[in-house]
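Input: a single structure, listed below in structure tokens.
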Amino acid sequence: MHCQKCEKKASIHLQQHRMALCKEHFLEWLLNQTENSIKKFHLFTKGERILVAVSGGKDSLSLWDILWQLGYCVDGIYIDLGIDARIGYSQKSRLLAEQFASERKLKLKVVDVKAAYSENIPEMTERTQRGQSKPCSVCGLVKRYIMNKSALEEGYAVLATAHNLDDEAAILLMNTLNWSMDLIRRQLPLLPERPGFVRKVKPFYRTYEREAAAYALLSGIRYIYEECPYSKGSTQLYHKRILNQIEDRQPSVKLDFYLGYLRANENRMFALKADDKENIHEYYCANCGQLTNRGDLCSFCNLTSGQKL
Ligand code: AMP
Ligand code: FES
Ligand code: ZN
Ligand code: ZN
């Protein structure tokens, strides 16, 4: 098969877009697509300082590379979770993120959870969630808190994560199966800033996981192949597998599902009614000052001060 834009042999066939491209044209295409995604939802501008959350995986390193290539002012943050049993997951991914940054002379802030809060993620989970073997919810809470705090303290206009289309479609499927309206309302590519919260964006909201992986491979980015050892058997992976099966029979179903949600949102299908708005109460955490929807301490301060979640 030949590239659609030149006569070279195609390196990738994008069935969902009915397109085959050579290496150079694929890399250029993904750069352009990301730029268009940023512009479509006004995620950020060239003058703003962006902090990109990098895990050492294909999605976040490709995103960092693309934003850098596009000329955005972008630094990275890596959170060392201390998940090192069996495969040395955190050690390996930290090294890859550090190598990526130093090869390109980009600034990477590393937050070591154990050094900052005296326990790593498995230890926090063991102390607070006895009997529950998976640290994923504690881990998610800690990551969100540290990303937000670091971006605010260091004056970034925006925090970018590398959630891709496969992530978004799987999360949307789960939220729809449960009709979790609060979560559905917040599954947008941009969550605006407000006091205590930095603006959060997902520039890869229409990028297939396979496209991000191809970008990393074709541009020679070294990333961690292994998934987090705790993700095995997770509901999100299960939903991703199911969506992949549907996509095999119905190419572009993931894209149509998520873009359909965005259109429904533009038509205010999920908008809050005035009564609902009155029932939302927010407080400021007595310890760290961040916004929380419960009184006294926020969930993160509860976790790190030793109370059960
Ligand atoms: P996850 O919560 O693992 O699905 O990851 C979602 C996004 O969070 C990734 O695309 C990254 O942008 C970011 N992320 C995940 N793990 C880390 C980490 N250890 N340090 C910094 N950012 C991360
Ligand atoms: Fe947090 Fe797996 S990355 S538990
Ligand atoms: Zn070509
Ligand atoms: Zn707090």
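Quick caveat: nothing in here was measured; it's all calculated off a predicted structure. Just so you know, ligand 1 is whichever comes first in the structure, and atom 1 is the first atom listed for that ligand.
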Report task. Give me the protein N, O or S atoms that fall under 2.8 Å of the Zn ion (ligand 4), sorted by chain and residue number. Result ->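 Listed by chain and number: Cys285 SG, Cys288 SG, Cys298 SG, Cys301 SG.
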Query raised in the report: Strictly under 2.8 Å, is any N, O or S atom of Cys228 next to atom 2 (Fe) of ligand 2?
Result: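 Given the 2.8 Å cut-off, Cys228 counts as a ligand of atom 2 (Fe) of ligand 2.
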Query raised in the report: With respect to atom 4 (S) of ligand 2, which of Gly140, Cys139, Pro229 exhibits the smallest heavy-atom separation?
Result: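 When every heavy atom of Gly140, Cys139, Pro229 is considered, Cys139 comes closest to atom 4 (S) of ligand 2.
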Are any of the side-chain nitrogens in [X] or [Y] under 4.0 Å away from the carboxylate oxygens of its partner?
X	Y	result
Arg210	Glu247	no
Glu154	Arg49	no
Asp167	Lys240	yes

Query raised in the report: So what does the Cys6 SG - the Zn ion (ligand 3) - Cys22 SG angle come to, to 10°?
Result: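 Rounding to the nearest 10 degrees gives 110°.
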Query raised in the report: More than 12 heavy atoms of other residues, nucleotides or ligands under 6.0 Å from NZ of Lys46: is that the case?
Result: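 More than 12 heavy atoms, drawn from other residues, nucleotides or ligands, come within 6.0 Å of this atom.
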**Report entry** Minimum-distance atom from the Zn ion (ligand 3) among N, O or S atoms of His25
**Finding:**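 Nearest N/O/S atom: ND1.
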Report task. May I ask you to check if Lys109 and Tyr78 form a cation-pi contact, with NZ or CZ under 6.0 angstrom from the six-membered ring centre and within 45° of the axis? Result ->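 Here Lys109 fails the 6.0 Å and 45° test against Tyr78.
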Report task. Can you sort out which atoms of ligand 2 are near Cys136, meaning under 4.0 Å from one of its heavy atoms? Result ->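 Matching atoms, with element in brackets: 4 (S).
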**Report entry** Side-chain heavy-atom pair Ile221, Tyr215 within 4.5 angstrom cut-off
**Finding:**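 Touching, per the 4.5 Å side-chain cut-off.
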Requested in this report: Quick one: sort the Tyr205 and Tyr258 rings into parallel, tilted or perpendicular, breaks at 30° and 60°.
Outcome: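 Taking Tyr258 first and then Tyr205, their aromatic rings sit tilted (interplane angle of 30° to 60°).
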**Report entry** salt bridge (Lys or Arg N to Asp or Glu O under 4.0 Å) partners of residues 14-33, not counting sequence neighbours, each pair once
**Finding:**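 Listed by first then second residue: Lys8-Glu24.
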